[in-house]
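For reference, the structure discussed in these notes is given below.
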Amino acid sequence: MDALFTKIGLSPQKATETANNKKLAPILNDAIKHANAQNGIDKQQGAVLYALASTITPPALSHLPFIAKKIAAGDLKNNDQVSVAIKFLENKKEFSDSDFNAACGVGVVVSPEEISRTISKLLDARAKDLETKRYTLLGQLLGTLRQELRWANSLAVKEELEKQIKERIGEKDERDDPKAKKKKEKESKAAAAVAPESNSTTAAAVPASTSSVKVSESAKSFKFVLEGELARLHKPGENPQINDKLMKEHLARTGGKVVTRFPPEPNGYLHLGHCKAININFGYAAAHGGITYLRYDDTNPEAEKDEYFDSIKEMIEWLGHKPHGITYSSDHFQRLFDLAVDLIKRDKAYICHCTPEEMHEMRGGDGGKGERKECSHRSRPIEESLREFYRMKEGQYAEGEATLRMKMNMQDGNPQFWDLVAYRVMYTPHVRSGYEWCVYPTYDYTHCLCDSFEDITHSLCTTEFQQSRPSYYWLVDALEIYKPVQWEYGRLNITHSIMSKRKLLKLVNEGYVNGWDDPRMFTLVAMRRRGFTPEALNAFVRDLGVSKSDSVIPVERLENYVRDHLNDIAPRLMVVLEPLKITITNLPEDYEEMLTVQNKPRDEAMGTHVIPFTRTVYIDRSDFREVDDPNFFRLVLGKSVGLLNVPNPITAKEVVKDSSGKIVEVKAVYETETSKRPKTYIHWVAESKKHASPVKVQINQYDRLFLHEDPMDEKQVPGGWLSDVNPKSLTVYEAYAEVGIKAAKREEKYQFLRVGYFCVDKESDLENGKFVLNSTVSLKEDSSKKEMDKK
């Protein structure tokens, strides 16, 4: 089929992938045949045919020939029209061509004048927002216009919108392009006359934060749900039901609002992938004036703990989201059981006594490639299955001796129709209901029903559940209850990490990390402990957008968001990781000068603090060389260097070594007579008993937990993912900090000048002077310095 699929415009690679897709390939083949496109078709029409084949639902499949012919005739020109056509035709046996055309916008022409008028009216209504948000409002405005001008040419709408915005507020400038602004400030950096805050080795000013404005705005933006595939989802009331009465009752209960839910299993801690799910579910509802529930999918008592329930709620709130209500699948245990009884009575479920191994073989064995057979218990009388189900509930069966299975279709090509288990026997007490139940519903049975109970309009989940969508619809229709719409999006993965809860648990249980909140992990509690901000995480996942494709994002991209936000909010301090004593011999023994330094240069609102400068200071050992190097610009014997915030430079004159030859002290002089500005400034910490300086602090410096980008890649990591754990992912320093650290609070973030960003750890005992800080992200470093420091 590869050759056929390339004729409609698919790339060779995409054609091969599609041909190997056992579910999609025959549907697309039929669509091409009915469109009479075997010999080729316009590429745009081919793309629409592909969209038809990949999105058509089982209730509309019988109408595939009709829709394909409409595409070939040019009546359906885009994916939006196809999506509406599918929804219109679901479960319809009879319909008129005129009704179809009206519903799908066939022949509708939206004039340029109508587009212009609609846009002008919208911009008048949003004039205040446009003035403050400028071009960053473009995505949200386009989302609104897609609803109001549904059948208009999308490119024409975008061009007219940009034209009218330009007429009102002028051309785009730095306020609309943080990257351009950042570049401009970077270019002017060398001309500024303040000491550096970066890891650069030449004196220059650190620019005020540029991307942080983008981070804070992106963290609240709805652009990611108002553009792309999410923008094309149905409105409440448009999802077809097996009985029209169900929709009327649903709308009466919800008032036509969008209702979403975030339904985690309380069997572990949330991770970065959940952050994406949280933003999609809460963001989609908020963008449309709707509500979102936090629902704990607590149907597996063997894996659930109170700590997981508490942490999930805490992390959602930390990210800045507030659920409309908190619900539990266990709230519905009785109702779920009653519906299971109803399902049996409808002859759509039966009690099975097969072992898991027997079920596996009946489903075709490994990969489902063998012959599939129905269970011998499938045809047992309804009354017998009812009696057996109650026996299960009464504890008359041991675990594994009996299950309730849904009577679906063992010959369907979708494994999610192979008589899924709905209930199993478990004698583990439940976190909330204790020993009240010994039968528990499965995810496949529970999830769609709880969505129905809560009037969910958009059941948003990852693509791993795409095969479950038909069985989701089958069950709610079998019970004749309200049917939500399930829609899937791609999972988020990040390099140098593992997201699987099972594997994360293994890391914790086998001591590779120090608990679920170990800052090397990508659980939300760990990222919070490391110093990642909720604004940075929200902005990161929202800016990625939403599509059907799974994504693997470089961890550096996430770190950029964190770095940009911390650059704006973090006070600056000086901390020396590997202290080297400097004695300034031409200053008196009791010399003391109090220096007032800004918490953030060029930002008076951040305030100031006072530090001592004395005869003895400590610098970082890496900032001194005994032997000169033409590429080394810091302190060298016989040469000068500036000390940050100190009026004059120092010059190294002599080194003192211990018996092993290690330098333990450098003797220097304070250059009070020179007016020459130093080429380089370095950070330092003074010794002053009067001020209890330096302050001893523990610094946990973190590196990647895994050595390779993909620890699961068997070619790169032949020893298995655990063999890829980085043995040097944590380095602990007993460092010296300036006195400004004494004002620290737990979870407070700092920039340690020329070192990086750090966060005060929970292990700190601040009242008793114990300070523990975790590295968050590095500063942006000059590549030449990195190479030089390796020498």
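Values below: all heavy atoms of this structure, side chains included; hydrogens, waters and symmetry mates excluded.
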**Request:** Would you mind reporting whether Glu162 and Lys158 have side-chain heavy atoms less than 4.5 Å apart?
**Result:** yes

**Asked** Are there more than 12 heavy atoms of other residues, nucleotides or ligands under 6.0 Å from atom NZ of Lys313?
**Response** no

**Message:** Looking at Ser218 and Val215, would you say the former's side chain and the latter's main chain have a donor-acceptor pair under 3.5 Å?
**Reply:** no

**Prompt:** In Å, rounded to the nearest 0.5 Å, how long is the span from CG of Asp99 to CD of Glu94?
**Reply:** 12.0 Å

**Reported CE-to-CD distance for the pair Met247 and Gln241, which is rounded to 0.5 angstrom** = 4.0 Å

**Message:** Against Cys275, only a single residue in Val541, Ile316, Leu270 fulfils side chain to side chain contact (heavy atoms under 4.5 Å, CB included); can you say which?
**Reply:** Val541

**Asp244 and Lys248 ion-paired at < 4.0 Å** = no

**Message:** With no hydrogens and no angle check, just 3.5 Å: does a side-chain donor-acceptor pair link Thr327 and Glu454?
**Reply:** yes

**Asked** Would Arg295 count as a cation-pi partner of Tyr328, with NZ or CZ less than 6.0 Å from the six-membered ring centre and within 45° of the ring normal?
**Response** no

**Prompt:** What distance separates Asp124 CG from Ile119 CD1, expressed to the nearest 0.5 Å?
**Reply:** 12.0 Å

**Complete:** Residues Ala287 and Val225: closest non-hydrogen pair is CB-CG2, 3.6 Å

**Item:** Lys548 side chain vs Glu488 backbone, donor-acceptor pair below 3.5 Å
**Value:** yes

**Asked** Quick one: does Asp42's side chain get under 4.5 Å of Ile8's, heavy atoms only?
**Response** no

**Message:** Could you measure the distance from the CD atom of Gln416 to the OG atom of Ser468? Nearest 0.5 Å is fine.
**Reply:** 3.5 Å

**Asked** Under 3.5 Å, side chain of Lys92 to main-chain N/O of Phe88, donor-acceptor pair present?
**Response** yes

**Asked** Hey, is NZ on Lys257 packed in by over 12 heavy atoms from elsewhere, all under 6.0 Å?
**Response** no

**Asked** Any chance the rings of His63 and Phe95 have centres within less than 6.0 Å?
**Response** yes

**Message:** Counting only heavy atoms from other residues, nucleotides and ligands, does the tally under 6.0 Å from CD of Glu131 exceed 12?
**Reply:** no

**Test item: side-chain donor near acceptor, Lys87 and Asn239, under 3.5 Å** = no

**Asked** Is the closest side-chain heavy-atom distance between Leu475 and Leu343 below 4.5 Å?
**Response** yes

**Request:** Test Asn409 against Trp474 for side chain to side chain contact (heavy atoms under 4.5 Å, CB included), laying out the working first.
**Result:** CA-CA 11 Å; Asn409 182 359; Trp474 178 90; over 6 Å; no

**Request:** Report the relative orientation of the aromatic rings in Tyr269 and Tyr308; use parallel for angles under 30°, tilted for 30 to 60°, perpendicular for over 60°.
**Result:** perpendicular

**Prompt:** Between CZ of Phe224 and CG of Asn279, what distance do you get to the nearest 0.5 Å?
**Reply:** 5.5 Å

**Flag side-chain contact, heavy atom, 4.5 Å: Leu420 against Met408** = yes

**Prompt:** Does Phe66 have its ring centroid less than 6.0 Å away from the ring centroid of Phe100?
**Reply:** yes

**Request:** List the steps, then state whether side chain to side chain contact (heavy atoms under 4.5 Å, CB included) holds for Arg126 with Gln140.
**Result:** CA-CA 11 Å; Arg126 300 294 299 274; Gln140 193 172 342; 3.4 Å; yes

**Item:** Evaluation steps, ring-ring contact (aromatic ring centres under 6.0 Å, His included), between Phe282 and Phe262
**Value:** CA-CA 8 Å; Phe282 281 89; Phe262 174 61; 7.0 Å; no

**Fill in**
Closest non-hydrogen contact found for Thr144 with Leu122 is CG2-CD1, 4.0 Å

**Request:** Could you check Ile553 against Leu558 for side chain to side chain contact (heavy atoms under 4.5 Å, CB included), going step by step and ending with a plain yes or no?
**Result:** CA-CA 8 Å; Ile553 306 300; Leu558 169 60; over 6 Å; no

**Prompt:** Between Glu464 and Gln466, do the side chains contain an N or O donor and an N or O acceptor separated by less than 3.5 Å?
**Reply:** no

**Item:** Over all atoms of both residues, closest heavy-atom pair of Pro240 and Lys483
**Value:** O-CE, 3.3 Å

**Tyr472, Tyr443, Trp487 screened by ring pair (Phe, Tyr, Trp, His ring centres under 6.0 Å) with Phe465, the one that passes** = Tyr443

**Item:** Check: His447/Arg261 side-chain N/O donor and acceptor closer than 3.5 Å
**Value:** yes

**Asked** Under 4.5 Å between any side-chain heavy atoms of Gln81 and Asn78, yes or no?
**Response** yes

**Asked** Parallel, tilted or perpendicular: which describes the rings of His234 and His458, with under 30° parallel and over 60° perpendicular?
**Response** parallel

**Prompt:** Among side-chain atoms of Asp455 and Thr254, is any donor-acceptor pair under 3.5 angstrom?
**Reply:** no

**Message:** Suppose we call two aromatic rings close when their centres sit under 6.0 Å apart. Are Phe522 and His271 close by that rule?
**Reply:** no

**Prompt:** Between Ser54 (side chain) and Tyr50 (backbone), is there a donor-acceptor pair under 3.5 Å?
**Reply:** yes

**Message:** In the structure I gave you, are the side-chain heavy atoms of Thr292 and Leu294 within less than 4.5 Å of one another anywhere?
**Reply:** no

**Request:** Please confirm whether Lys77 makes a cation-pi placement over Trp151, using NZ or CZ under 6.0 Å from the six-membered ring centre and within 45° of the ring normal.
**Result:** no

**Item:** Stepwise side chain to side chain donor-acceptor pair (under 3.5 Å) test for Asp550 and Thr463
**Value:** CA-CA 8 Å; Asp550 289 350; Thr463 50; 3.3 Å; yes

**Prompt:** Does a donor on one side chain and an acceptor on the other come within less than 3.5 Å for Ser329 and Thr299?
**Reply:** no

**Donor on one side chain, acceptor on other, Asn538 and Lys276, under 3.5 Å** = no

**Message:** Hydrogens and angles aside, do Tyr293 and Asn281 bring a side-chain donor and acceptor to less than 3.5 Å of each other?
**Reply:** no

**Complete:** Between the CZ atom in Phe417 and the CG atom in Asn414, the distance rounded to the nearest 0.5 Å is 6.5 Å

**Message:** Does any part of the side chain of Gln45, heavy atoms only, come nearer than 4.5 Å to the side chain of Leu49, both counted from C-beta?
**Reply:** no

**Item:** Modelled atom types, side-chain donor and acceptor of Ser547 and Glu229, under 3.5 Å
**Value:** no

**Request:** Output yes when Lys23 and Asp412 qualify as a salt bridge under the 4.0 Å nitrogen-oxygen rule, no when they do not.
**Result:** no

**Message:** To check you understand the geometry: which heavy-atom pair defines the closest contact between Arg557 and Tyr561, and what is its length?
**Reply:** O-CD1, 3.2 Å

**Complete:** Nearest heavy-atom contact between Thr457 and Tyr482 is CA-OH, 3.7 Å

**Request:** Output yes when Glu148 and Lys121 qualify as a salt bridge under the 4.0 Å nitrogen-oxygen rule, no when they do not.
**Result:** no

**Asked** Checking Ser221 side chain against Glu217 main chain: does a donor-acceptor pair fall under 3.5 Å?
**Response** no

**Asked** Would you say the side-chain atoms of Ser116 pair up with the backbone N or O of Pro112, donor to acceptor, closer than 3.5 Å?
**Response** no

**Prompt:** Can you tell me if Thr533 and His565 form a side-chain donor-acceptor pair at under 3.5 Å?
**Reply:** yes

**Message:** I need the minimum non-hydrogen distance between Met499 and Leu492, along with the two atoms involved.
**Reply:** CG-O, 4.4 Å

**Request:** Quick one: do Gln164 and Glu160 satisfy side chain to side chain contact (heavy atoms under 4.5 Å, CB included)? Show the steps, please.
**Result:** CA-CA 6 Å; Gln164 291 198 27; Glu160 178 65 20; 2.8 Å; yes

